[in-house]
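The structure under discussion appears below in the form of structure tokens.
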Amino acid sequence: MDYNFGEIESRWQNYWREHGVYHVKNDSDKPHYYVLDMFPYPSGAGLHVGHPLGYIASDIYARYKRLRGYNVLHPMGYDAYGLPAEQYAIQTGQHPAITTEQNINRYREQLDKIGFSFDWDREVRTCEPRYYKWTQWTFLQLFKHYYDNTANKALPIASLVERFAKQGTQGLDAACTEVLDFSSEEWNSWDEAKCQQVLMNYRLAYLADIPVNWCAELGTVLANDEVVNGLSVRGGYPVERKLMRQWSLRVSAYAQRLVDGLEQIDWTDSLKEIQRNWIGRSEGAAVWFPLENEDGKLKIENSDDAAFEIFTTRPDTIFGVTFMVLCPEHELIDSITTPEQKAEVEAYVTWAKNRSERERQAEVKKVSGVFTGAYAINPLTEEKIPIWVSEYVLAGYGTGAIMAVPAHDSRDFAFARHFNLPIRQVVALEKDAVSDPDTWEESMDAKTGYSVNSGFVTGMKVKEAMAAVINKIEEMGIGHRTVNYRLRDAIFSRQRYWGEPFPIYYKNNISYPIPEECLPLELPEVSEFKPTATGEPPLGHAQKWAWDEKNRCVVEKSLIDNKTIFPLELSTMPGFAGSSGYYLRYMDPHNDEAYFGKDAVNYWQKVDLYVGGAEHASGHLIYARFWNKFLHDMGMSVVEEPFQKLINQGMIQGRSNFVYRSKADNGLFLSKGLIKDMDDVTPIHVDINMVDNDVLDIERFRQWRPEFADARFELEDGKYICGWEVEKMSKSMYNVQNPDDLVARYGADTLRLYEMFLGPVEQAKPWDTNGIEGVHRFLKKFWRLFENLSDEAPSKEEQKVLHQTIKKITDDVERFSFNTAVSTFMICANTLTDLKCNKRDVLKPLTVLIAPFAPHIAEELWHQTGENTTVCDAEWPKYDESQLVEDTVKYPVQFNGKMRFTLDLPATATQADALEAVKAAPESGKWLTGEPKKVVFVPKKIINIVC
RNA sequence: GCUCUGGUGGUGGAAUGGUAGACACGAGGGACUUAAAAUCCCUUGCCCGCAAGGGCGUGUGGGUUCAAGUCCCACCCGGAGUACCA
């Protein structure tokens, strides 16, 4: 019987569904294992072949783990909130819930055809109230907690209130927007509004006026990871900096733990590195530089007015400071600028503020700045130092002010050169290697060598000098050792409709949480998805969007009286809100009493294997780790790091095909090999679906577009060969491959094997179907092995093939080398075909081995061997080393890399036996004279003889 | 610029420091067939040679080693991330 994949696959998919084969329970005597895919955003375009790559890999591993006796959690869901559905809604008026639902159904249909072993009973959708209830709940917990640096964890705001009432801010070390200092008397005398304002300074979810990435086109703010090169990731619209009142998450409070946690997890170095760079930890010192006062003397006490703080990673270079620079937003500028400089400075500041983020980034190399006329005093040398203002100092990092050491910082160097400011060398590679910095072509930034011209640290190594200077400034009380992070708090408000509403209402302009028992706060209906005429977010259109404090429910907006009925927050949460904790919800998705039950999380603990794209490295994977750490502080999640092992599937690029139209003759197309000069032809993208192995289907091409109906071709060997190039997979390049087409043509098992066969999972690679035939051929060959099964005992040779395969496949799967595993199957099938092997005892274990890769054919063949259970209940075959041991083993022999031959030796041969065999070998006479001096004998490898 | 990756036939890619190019595609040749499909067999890194055989080969140049695609140093080229982060 032929291999009828279509019939086999749909039959088994139905069987699995009807019998709930992949449903998982939260209790089992078996060890547990959690395999997770990054859930997809269901876009209108449906799945392309890039999506399933990771899903197939994780499915293989999940199925493998099941066969190895694990209770495996392998769920799937949808990241259903997002901009595209809403943009579409704005254009068409179609409610995003409807398009989202349609897209989800389409995704599900496509996923089902590929034969995944997901437990669909556990499906979550971020846009469902039952799910987002817990997103909102977590937000409220963030709102109700602050980060205590002493306890090094999140603590309830209530305990902070208690503390303030008793001792004010004394002894408090907490993450905050602004360092405050007040006494208990002050706290107790403040009214509600003032107290709430102070508490907002500490909350982990807080409202503040902050510079945000405003995207006018999308009508919303965006997080840093949603902006690239001054353009929005979604849509590519310009983004500007703007000061707005926004909800933010104090992710920065967890910066150190986010760095430390990377040590414990099994991710690739490159991914950890991306996160480390994004968090951007740098050690250094905060130093107060006093301003020059009327007498020109140091004035350090009362430092707030008379000094400003800078951050430096190079305190050892403080003797080389020749100017100071403030960012254009610095609050000190107005007060210190001298009357003569006023006009110039104001002009510069205005110019700098009006520049778009894009302009600024595009002109990073251009030097600009202005002198304020004011001077600071170097606290160690008591020198007078001019204070400048420049764009190259950023408001958002450190203190927005720097000490400039042009000799040892390339940016300061460029600035000094441009404005002709002095450059002073204070570090040299050797103690006496001092030269004239005016002759330098670039600054010496490396943190190596010795301090020179540096007062009390002169002669010290750079590292010693750093420590010495910090000690000194700490002793003088003008600074301290400190750590700075690049990681900023995450802006959490979006001025959009299609997202989770904030469970927050405003009483007297103060934000209050909705009682937890009232969650979820459901997304209201709106008449329009655009911002309102007054510029409010779309929720401004909602009629029923006010909070009745007394009756604890949502009511008509028209009833707002600001006494018992108050306005609700109009922003919604960003895309990453729903995806930050979904992996925990899968553990216990039907729980309406809690995010997830204690038992469930105690059982599953964490995600053991997470598979997804590296593009989430500085977004989702940071937020989710933060979210999990917070829940851990709350005693909810069991472990701090949610994703133990992470594999990034490489992006699948498109492989575009081209035809070449002659420039001289517009109706003529030249086959690739006939083109003499590429300048004579115009390459035109053709749909890859009309091309097979780079050969163009001429008839389909003619029908494709009217202008090609009369196309003429110059062929090679009767074929039109297309050119190709690797590009992004996109509709406009006609290189999108839809998995359904391939499933229909070759079957899901072929698609699964082929996607794995294409290359290592982690590696980016262009998609092309040129080799898919080979994989399909293998399955047909594998299928044929099972015709006429025999119960005879397998021969030694057949046993050997089987056990070699068991060993190799197990190794390959364990190290996620699925491409070599597929090759191993092919070799096995080829060998067994050559041996004409039809032994049940050999073939049956093979169906189990292949089941993770090609589950449908495995089920079918498993049944043909006489089993009534599903192959999913089988056990992974046992590897028997003794089956591989041979009587003799061939050993290659080499001599000085020249002479090579092979010896048959007993498998148990020793070094002495080897030496004898070498001497006895006829070939050795050619070169072996006398007794060999040394024999290196590595069993199963090689023998080396040194004369 | 910095960080991380990678560089092996016509192509995708194999190789715990141990016979480089497994496996597959493509290409060429052949068998079966009236024919096609399907299936099977042979050849296929490059150069010299009728052949036996020999020489060269993992981006480049050095090094460690009995032995290097693999380890070390320098350089060249691609891909990704990030970017006045002090």
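Note that these values count all heavy atoms, side chains included, but never hydrogens, waters or copies made by symmetry. The sequence lines fix the lettering, A, B, ..., with proteins before strands; numbering per chain opens at 1.
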*Which whole number of Å gives the distance between the C1' atom of rC4(B) and that of rG13(B)?*
23 Å
*Taking atom P in both rA74(B) and rU8(B), what distance in whole Å separates the two?*
22 Å
*Could you list the residues that satisfy side-chain contact (heavy atoms from CB on, under 4.5 Å) with Ala416(A), not counting sequence neighbours?*
Phe323(A), Pro406(A), Leu421(A), Ile423(A)
Answer with base, sugar-phosphate or nothing: what part of the nucleic acid does [X] contact at a heavy-atom distance below 4.0 Å?
X	result
Lys366(A)	base
Pro766(A)	nothing
Ser823(A)	base
Val393(A)	base
Arg655(A)	nothing
Asp2(A)	nothing
Leu394(A)	base

*Tell me the partner of rG26(B), counting only Watson-Crick (N1-N3 plus N6-O4 or O6-N4) or G-U wobble (N1-O2 and O6-N3) with both under 3.5 Å; none if nothing fits.*
rU44(B)
*With both distances under 3.5 Å as the test, what is the Watson-Crick or G-U wobble partner of rA68(B)?*
none
*Starting at the 5' end of RNA chain B and moving along, which residue's nearest nucleotide shows up first, Val822(A) or Asp768(A)?*
Asp768(A)
*asked:* Go nucleotide by nucleotide along RNA chain B from the 5' end; which of Lys765(A) and Thr313(A) gets its closest nucleotide reached first?
replied: Lys765(A)
Between atom [atom1] in [X] and atom [atom2] in [N], what is the gap in whole Å?
X	N	atom1	atom2	answer
Phe757(A)	rG12(B)	CZ	P	13 Å
Phe778(A)	rA22(B)	CZ	P	18 Å
Ile622(A)	rG81(B)	CD1	C1'	13 Å
Tyr392(A)	rC84(B)	OH	P	14 Å
Asn277(A)	rC84(B)	CG	P	14 Å
Gln275(A)	rA80(B)	CD	C1'	15 Å
Arg281(A)	rU82(B)	CZ	C1'	19 Å
Gln763(A)	rG78(B)	CD	C1'	13 Å

*Quick one: do Arg815(A) and Asp811(A) make a salt bridge, cutoff under 4.0 Å?*
no
*Can we say Arg784(A) and Glu787(A) salt-bridge, meaning some charged N sits less than 4.0 Å from an Asp/Glu carboxylate O?*
no
*Does Ser282(A) place a side-chain N or O at less than 4.0 Å from the phosphate oxygens OP1/OP2 of rA86(B)?*
yes
*Is there a side-chain polar atom (N or O) of Asn819(A) under 4.0 Å from OP1 or OP2 of rA22(B)?*
no
So which protein nitrogen or oxygen atoms get under 3.5 Å of nucleotides 35-45 of chain B's nitrogens or oxygens?
from, atom 1, to, atom 2, distance (Å)
rU39(B), O3', Arg784(A), NH2, 3.4

*Please name the pair of heavy atoms, one in Ala854(A) and one in Leu779(A), separated by the smallest distance, quoted to 0.1 Å.*
CB-CD2, 4.4 Å
*Distance-only side-chain donor-acceptor flag, Asp412(A) / Tyr392(A), under 3.5 Å*: yes
*Going by atom types only, do Tyr485(A) and Ser252(A) share a side-chain donor-acceptor pair under 3.5 Å?*
no
_Per the salt bridge (charged side-chain N to carboxylate O under 4.0 Å, His left out) rule, what does the pair list look like for residues 313-330 of chain A, sequence neighbours excluded?_
Arg314(A)-Asp316(A)
